[in-house]
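Down below is the structure, laid out as structure tokens.
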Amino acid sequence: MQQQTVSLPSGDLTVRIDGPDSGHAVLLLPADDDGADVFDDTAARLTTSDLRTVTLEPGVSPNDTDLVALLDALGLPWVNLVGRGEGADRAWSLAARTFGRVSSLVVIDRGHPAVRDDSACPAVELRTTMVVVDPAFAEEASATSRYVYGDYRVVTLDSSTPDAAAAALATEIVMRTSAW
């Protein structure tokens, strides 16, 4: 993966980029406390599937305006969006507020913010998958369906082996990058 620093309205942001410039890109938003390599195995698999990946460093909290500026700076007219933890919260917000810039959404163990009493986030209108790794999020995944106006899937992953979890997550992302 190559690192690139991008100037945004709120300051510089470093991202890690991998994969071909094929027109299909995936923006990976980690949780604030994730390790820098949290999406490395998944990104490698996505690259094999001919997808470009852009991974934010954990611990940064760009707002929607910054994320759109990031997409513009990288020449990405639209992305498939993946989020985990606080990154999933940012993903829900961006997907709900920027029609046409996000083509699909995959979130991990984080339902729509309205399920958690944050009514400021509108519903999303695109293909969405909620990946449930921790069974404690199963009820939240079910309740999220009323805030997704489009195809909505809930997928439960067995996270007993990191390699199997990365493969299953990559499969869900690849499925969402296709319009069929």
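None of the values given here were measured: they were computed from a predicted structure.
- From Ser104, atom OG reaches atom CG of Asp151 across 10.5 Å, with rounding to the nearest 0.5 Å.
- Nearest heavy-atom pair across Leu157 and Leu169 is CD1-N, 4.1 Å.
- To the nearest 0.5 angstrom, Glu172 atom CD is 11.5 Å from Thr42 atom OG1.
- In terms of heavy-atom proximity, Leu94 sits nearest to Val68 at CD1-CG2, 3.9 Å.
- For the pair Glu140 (side chain) and Gly111 (backbone), a donor-acceptor distance under 3.5 Å is present.
- Checking Leu76, Leu28, Val6, Val26 one by one against Val54, the side chain to side chain contact (heavy atoms under 4.5 Å, CB included) holds for a single residue, Leu76.
- Using a 3.5 Å distance cut-off with no hydrogens or angles, the side chains of Thr177 and Asn80 do not pair a donor with an acceptor.
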| Step-by-step salt bridge (Lys or Arg N to Asp or Glu O under 4.0 Å) determination, Asp89 to Arg110 | CA-CA 7 Å; Asp89 291 337; Arg110 194 71 132 215; 3.1 Å; yes

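- Considering every non-hydrogen atom in both Leu46 and Ala170, the closest pair reads CD2-O, 3.8 Å.
- Arg84 pairs with exactly one of Asp109, Asp34, Asp33, Asp32 by the salt bridge (charged side-chain N to carboxylate O under 4.0 Å, His left out) rule, that one being Asp34.
- Heavy-atom minimum distance, Arg52 versus Asp21: NH1-N, 3.7 Å.
- A donor-acceptor pair under 3.5 Å is formed between the side chain of Thr128 and the backbone N or O of Leu126.
- Looking only at side-chain heavy atoms (C-beta outward), Leu56 and Leu27 come within less than 4.5 Å of each other.
- When all heavy atoms of Asp66 and Pro9 are compared, the pair lying nearest together is OD1-CD, 3.3 Å.
- Proximity of a side-chain donor or acceptor of Thr48 to a complementary backbone N or O of Ala44 within less than 3.5 Å is detected.
- With hydrogens and angles ignored, the 3.5 Å screen pairs a side-chain donor or acceptor of Ser145 with a backbone N or O of Ser142.
- Linking ILVMFWY residues whenever their side-chain heavy atoms come closer than 4.5 Å, directly or via other members, places Leu81 and Leu74 in the same cluster.
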| Under the side-chain contact (heavy atoms from CB on, under 4.5 Å) criterion, do Thr129 and Leu105 qualify, and how do the steps go? | CA-CA 6 Å; Thr129 299; Leu105 174 64; over 6 Å; no

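- Two different hydrophobic clusters hold Val124 and Val131 under the rule that ILVMFWY side chains link at heavy-atom gaps under 4.5 Å.
- Remark: the backbone N or O of Gly150 is not paired with any side-chain donor or acceptor of Arg127 at under 3.5 angstrom.
- Two different hydrophobic clusters hold Val106 and Leu29 under the rule that ILVMFWY side chains link at heavy-atom gaps under 4.5 Å.
- Val155 and Val132 fall into different hydrophobic clusters, defined by Ile, Leu, Val, Met, Phe, Trp and Tyr side-chain heavy atoms under 4.5 Å apart, directly or through other members.
- Using cut-offs of 30° and 60° for the angle between ring planes, the His112 and Tyr147 rings count as parallel.
- Contact annotation: the side chain of Asp72 approaches that of Arg101 to within less than 4.5 Å [non-hydrogen atoms, C-beta and beyond].
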| request: Kindly indicate, with the supporting measurements, whether the criterion side chain to side chain donor-acceptor pair (under 3.5 Å) is fulfilled by Asp12 and Thr5. | output: CA-CA 6 Å; Asp12 290 347; Thr5 301; over 6 Å; no

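- The OG1 atom of Thr53 sits 14.5 Å away from atom NE2 of His24, with the distance rounded to the nearest 0.5 Å.
- The shortest side-chain heavy-atom distance between Arg146 and Tyr152 does not fall under the 4.5 Å cut-off.
- The closest donor-acceptor contact from the side chain of Trp92 to the backbone of Cys121 lies at 3.5 Å or more, if one exists at all.
- Looking at every heavy atom in both residues, Asp37 comes nearest to Arg16 through CA-NH2, 4.0 Å.
- Note on Phe39: it does not cluster hydrophobically with Leu13, by side-chain heavy-atom contacts below 4.5 Å among ILVMFWY residues.
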| task | Tell me, with the steps shown, if Arg45 and Ser49 meet side chain to side chain donor-acceptor pair (under 3.5 Å). | result | CA-CA 6 Å; Arg45 292 171 187 279; Ser49 296; over 6 Å; no

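- In this structure, the separation between CG on Asp134 and OG1 on Thr156 is 11.0 Å, given to the nearest 0.5 Å.
- Within a 6.0 Å radius of CD in Glu139, no more than 12 heavy atoms belonging to other residues, nucleotides or ligands are found.
- Contact of the Glu86 side chain with the Ser61 side chain is not registered, since no non-hydrogen atoms from C-beta on lie closer than 4.5 Å.
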